[in-house]
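Read the numbers this way: they start at 1 and go in the same order the structure lists the ligands and their atoms.
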Amino acid sequence: MPGLNRGVQSPDAWWRKGVIYQIYPRSFQDSNGDGIGDLNGIRQRLSYVAALGVDAIWISPFFPSPMADFGYDVADYCDVDPCFGTLADFDALMAEAKALGLRVVLDLVPNHTSDRHPWFLQSRSSRNDLKRDWYLWRDPAPDDGPPNNWLSNFGGPAWTLDPLTGQYYAHMFLKEQPDLNWRHPEVRRAMFDAMRFWLRRGVDGFRVDAIYHLIKDEYFRDNPLDPAFVPGADPAHRLLPRYTVDLPGVQAIVSEMRRVLDEFGSPESSRLLIAEVYLPLHQLMNYYGLDAAGVLRGAQLPFNFHLIGATWQAQVVDQLVREYEAELPPGASPNWVLGNHDKSRIASRVGVRGARLAAMLLLTLRGTPTLYYGDELGMADVPMQTNEVQDPFEKREPGRGLGRDPERTPMPWQGDEANAGFTTGRPWLRLSRDCATLAVDRQLADARSMLQLYRRLLALRRQSRSLHEGAWTPLGVSGNVLMYARGEGSHRLVVLLNFGAESAAVAVQPLRDSLASPLHFWLSTRQDREGAVADSVVLRPEEGVILGVAAGDVMVADTASATT
Ligand code: NOJ
């Protein structure tokens with residue numbers, strides 16, 4: 001439907017201006033005392049999410065699964081795992097989200113299924129089965145070993161021998177996650193139908209897992225050694241993924257998925273395709289799907305994870321934002337991510353004060369931000385003892401710092417309750433020792449908490465056109481201070497972020513552009529500044545500020561007390 005594409009690219013599309021909040025369902029809120037978060041728990045906490053000021057939630061997988069990879073091993077794409085609830089619970093969650101004005105984005109895991117999925121059970125049953133080619137089966141190498149040198153992202157070979165038929169099957173992740181053969185038209189059809197199942201139930205889009213893995217080399221050639229590999233690093237990085245990642249053919253599938261979403265979208269309300277892609281910028285940009293006619297036919301938001309790996313320095317971040325902005329195809333919307341369920345939390349990467357600075361950065365850059373649940377509380381990684389480990393990655397590659405349990409711990413809600421109100425049972429993962437202090441209720445009662453900072457930033461972003469759709473203008477770096485402006489004229493806002501551990505003075509006059517009126521403090525990451533700005537601002541260590549004219553766009557007093 002070519003007409004729809006134009007609507008979907010509308011400058012007013014909700015996802016362009018909105019903020020996405022990722023919920024890892026096992027850890028958000030347990031409603032039945034089994035220690036595992038669930039859909040009813042999410043529903044109970046939706047008013048918190050709406051009051052936070054975000055526009056959409058993305059829920060990590062809750063489909064039936066043996067949980068070898070905590071839901072990223074799907075055994076049925078069109079149902080809910082009993083540990084998370086039922087389809088009726090999902091419908092109730094959708095209804096409540098709509099009532100609160102929240103969009104709902106699901107996680108689609110198309111690269112692989114669970115090894116217990118009926119498709120795989122059938123495929124492995126015989127070499128002649130009709131579903132044999134739905135997966136990637138190959139004969140052993142002459143030495144009876146795996147067919148080639150491909151490595152699993154979770155360590156070890158990407159091949160497992162199935163004794164029943166004497167062939168190996170490919171898996172880019174666990175052996176319990178066999179890879180589908182996306183060259184097979186029936187596989188595409190089946191997955192697109194699963195998408196339609198949820199789209200009919202009203203979901204607003206999908207975050208598509210491991211999308212750049214979908215096509216593998218048709219000749220199954222060996223991957224080359226990575227000359228930059230450092231022994232002791234993630235063993236999957238020993239090889240360059242030349243024949244397993246970002247191959248020709250992937251883009252066509254992304255566009256096909258987009259067309260499925262567009263069947264349900266309308267110019268007023270488009271459905272969103274987010275692509276999980278860890279690639280250098282120039283390759284990432286292909287996932288927008290710019291065609292010869294200048295139409296963007298791919299994912300509206302190929303996830304931009306580049307802040308996650310960036311060295312935390314003003315110069316580096318300045319350079320990154322410039323390069324990213326410069327590489328965007330015409331009409332493409334930027335997006336930024338600070339963390340997710342696979343990466344060490346921002347508060348652990350840059351410290352708690354740094355995490356405040358990071359929040360201001362994330363929510364004042366141009367484009368759609370994605371927040372990871374709990375980052376708004378300043379949650380840090382929670383180290384796990386060996387006997388507490390749940391994550392299969394840590395179990396397979398112990399002690400290398402690759403495990404993902406630390407960033408998946410339960411959300412603390414009430415400081416005075418057992419398990420901070422997450423569960424009345426035994427939590428599936430331990431909460432942090434400081435969970436009472438971090439709890440939502442304690443932070444709501446503290447006008448200068450991290451949570452209040454997030455709420456103010458989100459409120460400003462929503463109210464200020466400069467922030468949610470204005471231009472981004474780099475103003476350079478002064479010492480350790482990153483400087484940029486958003487918007488124009490009297491709506492122009494200036495953002496100053498001091499990445500340094502020392503105070504830093506910044507002359508304001510040169511940053512004012514043609515503004516006649518004096519600049520005022522709109523917000524400081526310390527939440528204790530207001531009033532007009534003098535000729536220069538002295539930023540405290542790791543402090544960030546937003547400056548604007550008092551009557552310009554909207555003005556939210558820095559010290560205003562937020563309500564729940
Ligand atoms: C990326 C997901 O975010 C991660 O959690 C998962 O383990 C792999 N893909 C495999 O699905």
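Residue contact check: Glu276 has heavy atoms under 4.0 Å from atoms 1 (C), 3 (O) of ligand 1. Taking every non-hydrogen atom of His341 and a distance limit under 4.0 Å, the qualifying atoms of ligand 1 come out as 2 (C), 3 (O), 4 (C), 5 (O). Listed by number with element, the atoms of ligand 1 under 4.0 Å from a non-hydrogen atom of His112 are 10 (C), 11 (O). Residue Arg408 approaches ligand 1 through these ligand atoms, each under 4.0 Å from one of its heavy atoms: 5 (O). Close approach to Arg404 involves these atoms of ligand 1, each under 4.0 Å from a residue heavy atom: 4 (C), 5 (O), 6 (C), 7 (O).
Protein heavy atom closest to atom 9 (N) of ligand 1, with residue, atom name and distance, is Asp209 OD1, 2.9 Å. Given atom 6 (C) of ligand 1, the protein heavy atom at minimum distance is Asp69 OD2, 3.3 Å. Ranking the protein heavy atoms by distance from atom 8 (C) of ligand 1 puts Phe173 CE2, 3.7 Å first.
Heavy atoms only, all atoms of each residue included: Ile215 and Gly249 are closest at CG1-C, 4.0 Å.
A cation-pi contact links Arg45 to Trp413, judged by a cut-off of 6.0 Å to the six-membered ring centre and 45° from its axis. A cation-pi contact, defined as under 6.0 Å to the ring centre and within 45° of the axis, links Arg345 to Tyr373. In this structure, Arg26 forms a cation-pi arrangement with Trp428, its terminal cationic atom sitting closer than 6.0 Å to the ring centre and no more than 45° off the ring axis. Relative to the ring axis of Tyr278, Lys343 places its NZ or CZ within 45° and under 6.0 Å from the centre. Cation-pi check for Arg132 over Trp137 is met; the charged atom lies under 6.0 angstrom from the ring centroid and within 45 degrees of its normal.
For the pair Phe393 and ligand 1, no heavy-atom separation below 4.0 Å is found. Using a 4.0 Å heavy-atom cutoff, Met172 is absent from the residues neighbouring ligand 1. The closest approach between any non-hydrogen atom of Lys343 and ligand 1 is not below 4.0 Å. Remark: distances from the non-hydrogen atoms of His213 to ligand 1 are all 4.0 Å or more.
Neither the backbone nor the side chain of Tyr278 comes within contact range of ligand 1; no heavy atom lies under 4.0 Å.
Salt bridge annotation for Glu397-Arg400: present, with a cationic side-chain nitrogen under 4.0 angstrom from a carboxylate oxygen. With respect to Asp391 and Lys395, no salt bridge is recorded, no charged nitrogen being found less than 4.0 Å from a carboxylate O.
Counting heavy atoms only, Asp342 comes closest to atom 3 (O) of ligand 1 of the residues Asp73, Asp342, Asp391, Asn111.
You'll find the ring centres of Tyr135 and His112 outside the 6.0 Å limit.
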